[in-house]
Trainee: 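Starting off with a structure, shown below.
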2 protein chains.
Amino acid sequence: MSGDGVEGVDGGVPGGREAARERVRGLFAAVRAEGRAVLTATEAEQVAAAYGIPTPAQALAGDADEAVELAEGIGYPVVLKVVSPDVVHKTDAGGVVAGVTGADGVRAAHARVLAAVREHAPAARIEGVQVQRMVPGGVEVLIGAVTDPTFGKVVAFGLGGVLVEALGDLTFRLAPVTPDEAGSMLDSVRAAEVLRGVRGAAPPDRAALRELIVAVSELAADFPELAEIDLNPVFAAPDGATAADVRLLLGEPAGRTAPVHTPEEILASMRRLMEPRSVAVVGASDQPGKIGNSVLRNLVDGGFEGEIHPVNPKAGQVLDRKAYASVCDVPAEIDVAVFAIPAALVPAALEEAGRKGVPNAVLIPSGFAETGEVELQERTVEIARRHGIRLLGPNIYGYYAPWQKLCATFCTPYDVPGGVALTSQSGGIGMAVLGYARSTGTGVSAIVGLGNKSDVDEDDLLTWFAQDAHTRCVAMHIEDLKDGRAFVRAARETVRRKPVVVLKAGRTAAGSRAAGSHTGALAGDDAVYDDVLRQAGVIRAPGLHEMLEYARALPVLPAPRGENVVVITGAGGSGVLLSDALVEAGLSLMEMPDDLDAAFRALIPPFGAAGNPVDITGGEPPATYEAAIRLGLEDDRVHALVLGYWHTVVTPPMVFAELTSRVVAEARGRGIDKPVVASLAGDTEVERACAHLFENGIAAYPYTTEKPAAVLGAKYRWARAAGLLP
Amino acid sequence: MSGDGVEGVDGGVPGGREAARERVRGLFAAVRAEGRAVLTATEAEQVAAAYGIPTPAQALAGDADEAVELAEGIGYPVVLKVVSPDVVHKTDAGGVVAGVTGADGVRAAHARVLAAVREHAPAARIEGVQVQRMVPGGVEVLIGAVTDPTFGKVVAFGLGGVLVEALGDLTFRLAPVTPDEAGSMLDSVRAAEVLRGVRGAAPPDRAALRELIVAVSELAADFPELAEIDLNPVFAAPDGATAADVRLLLGEPAGRTAPVHTPEEILASMRRLMEPRSVAVVGASDQPGKIGNSVLRNLVDGGFEGEIHPVNPKAGQVLDRKAYASVCDVPAEIDVAVFAIPAALVPAALEEAGRKGVPNAVLIPSGFAETGEVELQERTVEIARRHGIRLLGPNIYGYYAPWQKLCATFCTPYDVPGGVALTSQSGGIGMAVLGYARSTGTGVSAIVGLGNKSDVDEDDLLTWFAQDAHTRCVAMHIEDLKDGRAFVRAARETVRRKPVVVLKAGRTAAGSRAAGSHTGALAGDDAVYDDVLRQAGVIRAPGLHEMLEYARALPVLPAPRGENVVVITGAGGSGVLLSDALVEAGLSLMEMPDDLDAAFRALIPPFGAAGNPVDITGGEPPATYEAAIRLGLEDDRVHALVLGYWHTVVTPPMVFAELTSRVVAEARGRGIDKPVVASLAGDTEVERACAHLFENGIAAYPYTTEKPAAVLGAKYRWARAAGLLP
């Protein structure tokens with residue numbers, strides 16, 4: 001990955017990166033010494049110069065005469081701008097006059113600027129008026145950087161000017177960025193076309209823009225205390241880019257206090273959590289309805305093959321097993337202690353677990369930070385750190401590991417092993433995951449509750465799931481990230497091997513408010529989340545339903561090896577809707593080569609439509625579906641198939657399901673492994689047909705053309721991020 | 001409605017509308033006489049003047065000297081533009097120089113324009129150079145009009161300039177528009193904020209823009225032969241708007257040939273189609289597997305209480321009923337003749353139906369235009385017209401009217417009467433409708449196949465459904481509209497009384513291509529469809545699945561009476577996701593009044609979160625859910641409730657479903673009828689709970705927070721369009 005550290009591209013910085021840093025450090029110290037946070041234009045331009053950011057010739061004029069003198073030296077036309085520590089938005093205050101020519105012009109503009117600012121902000125201290133060479137033009141863009149509460153320093157790029165400000169067309173990346181990442185930003189704004197030249201105009205200098213973005217990102221990364229950088233507008237001409245205005249704002253450097261574990265340390269404790277040989281239940285109980293009873297029963301009934309040790313102050317027997325008064329009394333190593341006791345009792349019991357050397361504590365009880373008991377949670381975390389215990393929770397339903405026959409939870413058990421690992425921050429969402437999985441028969445490698453995330457969080461789990469052979473896809477419900485950078489690091493590493501789906505709650509302003517009141521966590525700006533998750537190669541699910549659908553389908557579908565999607569449909573109407581949905585999902589319908597088109601035409605009635613979609617028409621027998629599907633599978637130029645089935649008496653649903661499963665299995669037997677998805681239109685028999693198809697590795701859905709397209713689109717997004725497609 | 005005719009706003013047209021029309025008519029005739037389609041700038045400005053469209057002072061210069069003379073008269077700065085019938089995009093050709101001052105400047109610019117155009121298009125005939133007063137500035141917008149293949153003349157508005165061109169931010173309305181509709185266009189572009197003034201600048205003159213849009217729309221409506229109008233850029237200043245460039249293009253006037261029925265005529269025949277007293281089956285057969293056998297059996301087994309008359313050339317008995325050799329032999333009036341015979345036999349049988357005076361023919365067979373047999377279809381339509389028979393189809397599955405116990409189809413029967421009328425152009429989609437309805441128990445007032453739409457189409461059906469007491473919502477799958485204006489008229493009329501949901505297939509370029517190959521119909525530009533359907537108050541479903549979900553839920557939900565939505569949730573995590581989904585669906589979470597907030601707080605644990613969402617927390621008993629829901633229902637300031645349920649042993653799913661159904665029913669009994677939707681997170685028991693809730697008028701969904709928000713959003717979109725909300 002491109003690094004979170006201070007290494008970067010030094011080329012653009014005159015005198016070397018370290019010298020630049022030193023100059024800027026001195027400048028910031030001087031500003032701080034004056035008790036200021038906002039740099040003046042002159043100071044900001046010195047910082048820009050240190051980082052090789054081109055700005056137009058400029059100087060500060062104390063009065064109108066001096067302004068004329070400076071303007072004559074700089075050359076017309078010029079721009080006059082007020083310089084005041086109290087005026088942040090100069091244009092809004094009337095403090096900017098552009099396109100000024102001649103001595104009289106300068107005098108008039110000088111008077112205009114001062115009068116306007118005095119009216120707008122009578123108390124503002126005015127240090128003078130900046131006289132700046134007017135940049136000859138080009139596309140106006142904005143380059144900036146902010147400190148995001150989740151991800152730290154992020155660099156921003158967008159087209160400038162009032163119009164695009166109104167459209168909010170900005171894109172973000174973690175700072176610092178590589179030149180390649182900077183280049184990707186130019187293509188990520190909605191108005192990207194403008195940066196490739198429009199209506200015959202020469203395009204702006206993209207290399208200069210990339211360099212500028214890199215420089216800004218490095219400046220941001222070098223100085224944690226630099227709260228905001230704003231280059232707006234930058235004029236991007238065909239032969240270079242110039243920052244006409246540079247605004248810098250100092251703040252408090254964001255501190256990091258979370259302890260950092262190495263990947264090896266994380267894997268060592270996660271292995272004992274996810275593949276334990278012995279589990280203790282602290283608070284195990286004989287009394288039905290008690291959480292400690294449900295957890296123990298789920299462990300026993302689920303068939304967990306390791307040791308199970310009930311812990312209960314009364315010792316004796318619990319559910320016919322020997323119970324111990326304390327974990328310390330258990331005469332064996334313990335990999336996981338599941339806590340099913342009231343919150344107030346957790347610290348003392350955790351001390352005992354620490355003395356016993358238990359590496360993992362699963363804290364089911366609520367009554368910690370989420371109910372205002374912040375101090376209790378902090379005390380618990382402190383005990384765990386002292387003993388080197390990793391904590392899952394508190395305030396969770398527990399976790400499931402079906403391949404281990406492990407149900408360490410007080411909720412209903414689940415025992416269908418499979419390819420997807422699901423995590424949820426909220427218990428309610430965890431229950432929805434469970435119900436959906438059971439209803440659809442989704443095979444699961446893990447379901448993990450994260451709750452308050454006092455310690456173990458998404459990046460720990462990703463580190464495990466990335467190398468877990470059972471896990472073919474990870475799907476996570478996230479309300480906030482404690483350490484966005486650590487998540488991105490872990491996600492990038494995982495995405496190289498398997499898809500990561502994220503449902504980020506709190507997308508909207510209203511949503512963010514609710515997240516705040518639910519977890520006490522500060523929800524980050526969604527635009528930043530969106531871009532950074534994409535940068536990490538994560539598939540973002542638009543909602544809970546989609547997350548669950550992706551989680552079910554992605555492990556079933558093989559990875560595509562190219563972008564050519566072919567639709568084969570028995571219902572022309574479905575073909576049109578499938579085409580709509582595929583384009584919506586970012587997929588490309590293959591331009592049909594003539595020979596393949598002819599081959600399809602040979603299979604279908606003369607009034608059917610070849611091209612793509614291939615419309616085999618509604619009244620066809622099973623043999624036509626079979627021949628068309630086989631043709632699509634066997635042609636090397638086709639990379640994915642989308643099937644549209646229409647219920648008829650000639651080809652009933654189960655006949656279609658069985659023939660499709662057989663043809664796909666035959667192809668897979670010969671090493672042809674392409675993703676196949678299907679939309680089934682028909683009476684309720686199609687539901688059973690879809691279940692049959694899913695069991696045979698074909699993601700099939702009744703009464704919808706959108707879902708098959710959406711899951712195929714998600715698989716493609718991952719394949720592109722993982723570098724699997726040309 | 002604002003009218004499709006030529007009446008409009010006359011105020012802005014100097015000398016009256018008719019005089020203006022006369023002047024423009026003469027001008028167009030002169031252009032036509034020269035064999036031209038594109039008007040010169042001078043001609044275009046004369047047309048603009050006739051319609052009160054302000055343009056800057058300008059004149060045509062034959063040479064550089066004349067250009068200087070004209071510029072001195074007009075006043076500096078000026079813009080020079082090439083005038084050539086062969087150069088359509090002047091800027092691209094280098095044919096425009098702006099900001100020219102002084103005689104030398106004019107000479108230089110004149111030379112530059114000519115040189116650039118000669119290089120760009122050496123063969124172009126150059127008629128001179130236009131010298132135009134440079135408009136002092138303002139926001140650049142575009143106002144235009146085009147002839148849409150589906151909707152005829154539509155007027156377009158968007159922000160101008162290269163940037164917004166790259167963003168494609170345009171909005172469309174049927175021409176002509178009223179000033180109110182024109183005003184709505186200013187708010188419909190993404191960059192609408194710019195038109196309200198940004199960064200302290202005075203906003204552009206919105207009244208002037210409205211007038212300009214109205215004038216352009218009237219010009220477009222007055223002249224069917226005017227293929228394109230382009231005012232780009234229009235400079236919208238705080239004190240007026242000026243069209244700096246006017247481009248007009250003549251084409252062929254679009255003809256209309258479809259016969260027009262009055263609403264009374266449509267209702268008369270539709271009543272006999274949808275509530276028939278007698279149905280004949282032409283091609284009725286004893287042979288299982290034959291379409292004529294399935295249709296007759298469905299009619300008989302479905303329990304249709306009117307007369308059923310088998311028609312078969314062999315006469316005798318069919319399914320133990322007396323059969324007739326011809327419809328003419330049937331000794332009673334026939335309301336509907338269902339044709340279940342091969343396409344080639346249809347014309348002769350239709351002649352007989354005509355002689356018999358049958359008002360409706362349902363043409364099930366395929367083998368008409370969709371298989372290339374265009375002539376056969378035209379002949380069939382001609383026969384029907386001659387006899388005054390309305391045709392449904394051909395190439396359809398038939399139709400269902402469950403309130404009449406009528407299954408006039410060869411597909412599987414359906415017998416759950418209810419509130420939604422569903423139509424589909426494609427048979428495959430019709431089968432998906434059937435399966436979904438059966439699987440979810442959706443109550444249906446009609447399911448109608450439209451197929452090739454040789455005669456009866458969506459606007460006929462809307463005219464019926466609008467006044468049909470059983471129908472509470474109409475949902476239509478549409479691939480093309482034969483007459484977009486007639487559809488809009490009927491939809492507007494219907495929307496005043498009940499929601500109309502449309503799934504428009506062929507949204508994307510790829511989709512449109514497939515539509516073209518499927519129906520041979522020219523699919524319209526989707527941006528125009530989208531705006532015009534919204535203008536008509538139609539709820540556009542993004543996909544098949546959503547159309548079906550809306551169709552199921554909208555008839556169940558009462559209409560909201562205000563915009564205040566309150567979320568009550570047992571799972572904080574669901575609350576966040578519900579908030580996201582509600583904002584996404586265009587809904588507003590109510591700002592909680594202090595007294596109501598206090599009232600909710602009194603019901604929930606101290607660590608629960610009031611505000612909105614109201615988080616009652618996960619461990620609460622049924623009484624807490626009940627009290628919170630009752631509070632939300634009884635407070636007049638709350639207009640809709642969204643419930644988030646979390647499966648616990650304390651409040652199991654069916655307990656929640658029953659208590660919620662009871663509380664809502666009690667409130668309805670006292671006249672409190674608010675829409676209530678619910679998201680249930682839990683194990684599979686929540687599925688049965690959702691079904692129970694749906695049966696009791698609460699749109700409830702398992703494992704999703706998006707669907708309840710989406711259906712509530714759809715109901716609100718309708719309520720706003722129907723003018724039910726303040």
Side-chain angles (χ1 to χ4, degrees), chain A residues 91-92 162-163 166-167 190-191 193-194 198-200 371-372 412 426-429 431-432 434-436 438-439 479 505-508 510-511 514-515 517-518 543-545 548 571-577 579-581 583 589 607 609 611 613 618 646-647 681-684 686 703-706, chain B residues 91-92 162-163 166-167 190-191 193-194 198-200 371-372 412 426-429 431-432 434-436 438-439 479 505-508 510-511 514-515 517-518 543-545 548 571-577 579-581 583 589 607 609 611 613 618 646-647 681-684 686 703-706:
Chain A
T91 304
D92 294 0
V162 286
L163 243 173
L167 294 170
R190 285 207 303 266
E193 203 186 307
V194 174
V198 285
R199 305 194 68 169
T371 61
T412 40
S426 140
I429 304 308
M431 285 301 293
L434 197 65
Y436 172 88
R438 197 184 312 279
S439 185
E479 294 191 337
R507 264 184 306 142
T508 59
S517 68
H518 179 47
L544 173 58
H545 189 67
L548 295 170
S574 294
V576 184
L577 293 174
S579 300
D580 282 349
V583 171
L589 270 74
F607 54 90
W646 181 6
H647 190 160
D683 211 331
T684 48
V686 298
Y703 325 131
T704 168
T705 43
E706 300 77 32
Chain B
T91 304
D92 295 1
V162 286
L163 244 172
L167 294 170
R190 284 206 303 267
E193 205 186 304
V194 173
V198 285
R199 306 197 67 170
T371 60
T412 41
S426 139
I429 305 307
M431 285 302 292
L434 198 65
Y436 173 88
R438 196 185 312 281
S439 184
E479 293 192 337
R507 266 184 303 142
T508 58
S517 68
H518 179 47
L544 173 59
H545 188 67
L548 295 170
S574 295
V576 183
L577 293 175
S579 299
D580 282 348
V583 171
L589 270 75
F607 54 89
W646 181 7
H647 188 161
D683 211 331
T684 47
V686 297
Y703 325 130
T704 168
T705 44
E706 300 77 33

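Residue numbers start from 1 in every chain, and the chains themselves are labelled A, B, ... in the order their sequence lines are given, proteins ahead of strands.
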Trainee: With chain B, which of G618(A), G682(A), S574(A) has the greatest number of heavy-atom pairs at distances under 4.5 Å?
Mentor: G682(A)

Trainee: To the nearest 0.5 angstrom, please state how far the CG atom of L544(A) sits from the CG atom of L577(B).
Mentor: 6.0 Å

Trainee: What heavy-atom pair brings A571(A) and G428(B) nearest, and what distance separates the two atoms?
Mentor: CB-CA, 3.9 Å

Trainee: Most heavy-atom pairs under 4.5 angstrom with chain B, which of L434(A), T704(A), T371(A), L548(A)?
Mentor: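 Answer, by heavy-atom pair count under 4.5 Å with chain B: T371(A).
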
Trainee: Between E706(A), H647(A), R190(A), R438(A), who has the most heavy-atom pairs with chain B when the cutoff is under 4.5 Å?
Mentor: E706(A)

Trainee: Among G427(B), G611(B), A581(B), single out the residue with the greatest number of heavy-atom pairs under 4.5 Å to chain A.
Mentor: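 If we count pairs closer than 4.5 Å to chain A, G427(B) comes out on top.
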
Trainee: What closest approach, in Å, do A505(B) and V576(A) show between heavy atoms, and which atom pair accounts for it?
Mentor: CB-CG1, 3.6 Å

Trainee: Please report the shortest heavy-atom distance between Y703(A) and Y436(B), naming the atom on each side.
Mentor: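 Heavy atoms of Y703(A) and Y436(B) come nearest at CE2-N, 3.4 Å.
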
Trainee: Locate the shortest heavy-atom distance separating S426(B) from G573(A); write the atom from each residue and the value.
Mentor: OG-CA, 3.4 Å

Trainee: Output the distance between atom CD1 (I429(B)) and atom OG1 (T705(A)), rounded to the nearest 0.5 Å.
Mentor: 6.5 Å

Trainee: Parallel under 30°, tilted from 30 to 60°, perpendicular over 60°: which one fits the rings of H545(A) and H545(B)?
Mentor: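 Ring orientation, 0 to 90° scale: parallel.
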
Trainee: Heavy atoms only: give me the nearest A681(B)-A432(A) pair and the separation to one decimal.
Mentor: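 A681(B) and A432(A) have their closest heavy atoms at CB-CB, 3.8 Å.
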
